[in-house]
Every structure is written in structure tokens, then in C-alpha cells.
Amino acid sequence: MTQVTMTVNGKAASGDVPGETLLSDFLREHLRLTGTHVGCDTSQCGACVVHVDGKAVKSCTVLAASLDGAEVTTVEGLANGELHPMQVAFNDNHGLQCGFCTPGMIMSGIDMVNRYKTEGRELTEEAIRHELEGNICRCTGYHNIVRSIKDAAASM
Amino acid sequence: MYAVNYHKPASIEDAVAAIGGAEEAKILAGGQTLLPTMKQHLAAPSDVVDVRGISGMTDIAVRGDTVTIGAAATHAAVAASSEVDTVCPALATLAAGIGDPAVRHMGTIGGSIANNDPAADYPAGLLGLGATIVTNQREIAADDFFTGMFTTALEDGEIITAVSVGKPDRAGYAKFRNPASRYAMVGVFVAQTGSGVRVAVTGAGEDGVFRHAGLEAALSSNWSSEAVDGVDVGSDGLMSDIHASADYRAHLIKVMAKRAAAAS
């Protein structure tokens with residue numbers, strides 16, 4: 001067992017976790033934050049993407065024990081009274097159908113917009129499609145997801 | 001995943017002690033291959049020793065014409081590093097094309113080369129550049145480091161601490177991605193270095209990454225895409241699987257070598 005204390009969505013969260021506990025399990029089973037989805041559990045689909053210290057990572061491929069002191073943001077931590085612009089854009093552009101991949105899409109979307117803004121690069125449609133390489137959606141055909149991220153980028 | 005003991009030592013000495021004290025330890029550097037492998041029960045170490053807490057392990061620094069990259073530097077960090085860009089922009093480009101953005105935020109250069117996956121990008125880059133792999137015990141030339149598929153010259157308990165890359169005159173990398181998994185079906189890194197032209201091929205060889213003497217000779221006499229046309233790339237020793245036959249991979253080696261030379 002490893003004692004870990006991390007900040008999750010702005011609040012301190014701690015627990016004694018076995019070495020093999022994945023961040024996705026820690027969030028879902030220990031903290032009951034079930035907005036983070038586990039789709040493939042093989043690091044490919046991206047439904048489990050959260051932010052660790054401001055960067056998008058696949059929470060099914062990180063050990064909770066390794067994150068003592070880390071700041072974690074999940075999809076539940078985005079809305080601050082009002083929905084985050086990325087959430088609004090997914091709603092406005094019909095960026096989801098079944099919704100299973102959506103938490104990961106939104107977290108990856110925010111991450112890419114932030115990175116491109118920081119680096120002063122233009123987030124084109126082509127760039128968004130390339131950046132979504134690690135997020136799989138089996139409903140939408142991606143068109144409205146790409147539109148949602150482009151829309152949100154303009155207001156973030 | 002089976003039960004595992006987690007350690008996060010603050011020094012190399014503590015890491016060596018943790019490895020030595022375990023029944024079967026694996027080093028965790030980014031976990032983007034190790035953890036999926038453990039989830040599938042293809043690896044079942046009793047202990048994992050996380051080296052990311054060791055000071056200096058994520059540093060990237062330039063001295064003279066050489067950049068030294070800490071073993072726990074992530075692919076994203078290497079891709080964005082102005083130090084790496086100064087010495088070898090082709091290596092930064094290579095790092096920017098590994099996996100996907102979330103994987104690049106966790107995966108590390110040390111983890112990638114220690115695993116020596118036959119389709120990994122870094123082995124081609126480091127072998128192509130004639131890099132030096134620094135461990136807690138010695139320095140190993142890339143030519144001696146990658147010894148076979150998923151096999152390296154690392155001894156038990158030996159820990160990669162950094163990778164040093166000298167500035168090439170020019171270098172380029174091109175890969176043909178598997179249409180589904182996006183792994184390199186063939187990747188070719190070409191470099192003109194002080195010690196001659198080097199061409200390293202990943203994704204294709206049955207024994208993992210390898211250098212190609214014919215392509216090196218052709219590019220030595222004429223550094224251009226056209227020079228590759230006359231080279232005979234055979235299919236002996238190349239992988240054949242559902243994704244590509246050995247003949248197809250042989251063809252891709254030439255095409256990727258041309259693109260890599262053009263990108264340099």
C-alpha cells in the first residue's frame with residue numbers, strides 16, 4: 001500500500017492504494033468520480049483522458065501511487081457554475097451521440113487548445129484531426145467533434 | 001493487473017537497492033508500454049521501481065554540440081525542447097510523432113529504448129545518430145545497445161540515466177504508419193554525422209532496429225532521394241505479418257529512406 005495525496009478538481013483527495021491501482025480506478029472507485037470512462041483499458045481509446053498537472057494523460061495507464069502531490073482535473077472539475085466553453089461547444093455542435101467517449105474528447109480538446117495557444121500555433125481542422133489520434137469515437141464520424149473543438153478554441 | 005509493490009526512490013542508489021531487494025523488479029519510467037503489458041498479464045513483476053523521482057532524470061541540457069536528455073524526459077518534453085531543436089531538430093520531430101498527445105505526456109525516452117520494441121521510433125533515431133546511452137554503470141554506444149527484438153545490452157539492475165546525441169550535419173526521419181494502430185510499419189532515420197552517413201531502420205527487422213549498409217553507401221556518395229533509387233534492399237531478415245509482407249517492408253524502406261533524406 002502507498003499513501004497518496006493529490007488534488008482532484010481543486011480538493012485534496014488521499015487514500016491508501018495498492019501499487020497496481022490505476023488512476024482511472026482511483027477516480028472511479030475510490031472517489032466515485034465516474035465521469036472519467038474506461039473504454040478499452042488498453043491505452044488506445046482515450047475515453048479515460050484526464051489532466052495531470054495540466055497535461056492530458058490516459059488515466060487507465062498511470063498508477064495512482066505515482067501521483068502523490070499531483071493536481072488532477074477530471075471532466076467533473078471543468079464547470080465552474082457555468083459549463084466550460086468546451087462543454088458548451090460540444091452541446092451546441094452536437095459533438096456527441098452516445099456520449100461514452102465525450103469526457104475524454106473534452107479533456108483532450110481543452111489540452112490541445114491550451115497547447116496551441118501557448119505555442120502560438122493555429123489549431124486548424126487538420127491539426128485537430130491529427131491531435132485526436134488517441135481518442136476514438138464509434139458514433140459520430142468525428143465531424144461534429146472537430147467542429148466543437150474548433151468552436152471552443154475561438155472562445156477559450 | 002496482478003498485485004505489485006510500488007517504489008519511488010529519490011536516488012540511483014535507492015533505486016538499485018529497491019531493484020536488488022525485489023523478487024522481480026521492473027523499472028517504471030513512463031509506463032505507456034509497461035502498464036498495458038502488465039494489464040494483459042504479459043508481464044507480472046513483483047515490484048515496479050519508478051525512476052521519475054530521481055533528481056536530474058528529466059533534465060535536457062546542451063554542452064558544446066551535444067545534447068544530453070534525461071532518461072525520464074517525456075516525448076512531449078523532447079518534442080518541445082529548444083535544446084534538442086538546436087542540436088537535432090529531426091529528433092524533436094521524431095518525438096512529436098510517437099503515439100498520441102496523451103501518450104507523449106507520459107512516455108519517456110529511457111523507457112522506449114529500454115523496451116526496444118521493434119516498431120518503436122527512438123531506437124531508429126538513436127542508432128541513426130550514433131547516440132550514447134548513459135547508465136548508472138557505463139556509457140554504451142547505440143551500435144552496441146540495441147541487441148535484438150525487445151533486447152538490449154542492459155544488465156540486471158542497470159538503469160539508463162540519460163542519452164547523449166551529438167549534432168549531425170543533417171538528419172531526417174520518415175515513417176509509414178500502420179493505418180489502424182499508427183505504429184511504424186517501417187521507419188527510417190538518416191543522418192550525416194562526423195563519423196559518416198548512418199541509416200537506421202525500425203519496424204521492419206526480425207531482430208529489431210538495424211543499420212542498412214547499402215543505403216549508407218548510396219547516401220555517402222550522393223545525399224539525395226535519387227541516390228536511394230539504385231540501392232538493392234532485400235527482404236531477408238525482414239518481418240512478415242498480417243500488416244505487411246517482408247517484400248512490402250523492403251519496398252517501404254526505400255520509400256521512407258527517400259522521404260527521410262528529403263526531410264533532412
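Given the structure is predicted, the values throughout are model-derived calculations rather than measurements. Labels below follow one simple rule: chain letters A, B, ... track the order of the sequence lines, proteins then strands, and each chain is numbered from 1.
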Heavy-atom count around B:R259 CZ within 6.0 Å, excluding the residue itself: above 12? no

Go through the atoms of B:L28 and report whether side chain, backbone, both or neither lie under 4.5 Å from a heavy atom of chain A. side chain

With a 4.5 angstrom heavy-atom cut-off, is it the side chain or the backbone of B:M1 that approaches chain A, or both, or neither? both

B:D156 atom CG, neighbour heavy-atom count above 12 within 6.0 Å: no

Within 6.0 Å of OH in B:Y6, more than 12 heavy atoms from elsewhere: yes

Turns out that what part of A:V17 lies under 4.5 Å from chain B's heavy atoms comes down to neither

Ion pair A:E133/B:R177, N-O distance below 4.0 Å: yes

To the nearest 0.5 Å, tell me how far A:Q44 CD sits from B:D100 CG. 9.5 Å

As an exercise, state the distance from CG of A:D41 to CD of B:Q40, rounded to the nearest 0.5 Å. 9.5 Å

Keeping B:H105 on the side-chain end and A:A56 on the backbone end, is there a donor-acceptor pair under 3.5 Å? yes

Which atom pair, heavy atoms only, marks the closest approach of B:L35 to A:T61? CD1-O, 3.3 Å

Is A:L132 in contact with chain B via its backbone, its side chain, both, or neither, using a 4.5 Å heavy-atom distance? neither

Are there over 12 heavy-atom neighbours, none belonging to A:E126, within less than 6.0 Å of that residue's CD? no

A:M112 vs B:P101 side-chain heavy atoms within contact, under 4.5 Å: no

Does B:E24 have more than 12 heavy atoms from other residues, nucleotides or ligands lying within 6.0 Å of its CD? yes

Does a sphere of radius 6.0 Å around CD in A:E71 hold more than 12 heavy atoms from other residues, nucleotides or ligands, not counting ones at 6.0 Å or beyond? no

Hey, could you give me the CG/CE distance between B:N5 and A:M1, rounded to the nearest 0.5 Å? 11.5 Å

Measuring only between side-chain heavy atoms, which start at C-beta, is A:T42 closer than 4.5 Å to B:P36? no

List the steps, then state whether side-chain contact (heavy atoms from CB on, under 4.5 Å) holds for A:D68 with B:K8. CA-CA 10 Å; A:D68 194 43; B:K8 194 167 190 177; over 6 Å; no

Sub-3.5 Å donor-acceptor pair from the side chain of B:K39 to the main-chain atoms of A:C60, do we have one? yes

Determine the option with the most heavy-atom pairs under 4.5 angstrom with chain B, choosing from A:N135, A:T21, A:V57. A:V57

Surrounding NZ of B:K258 (heavy atoms of other residues, nucleotides or ligands, distance under 6.0 Å), is the total greater than 12? yes

Give a yes or no on this: more than 12 heavy atoms of other residues, nucleotides or ligands lie within 6.0 Å of atom CZ of B:F150. yes

Best-contacting candidate, B:Q32, B:R104, B:H7, against chain A by heavy atom pairs under 4.5 angstrom: B:Q32

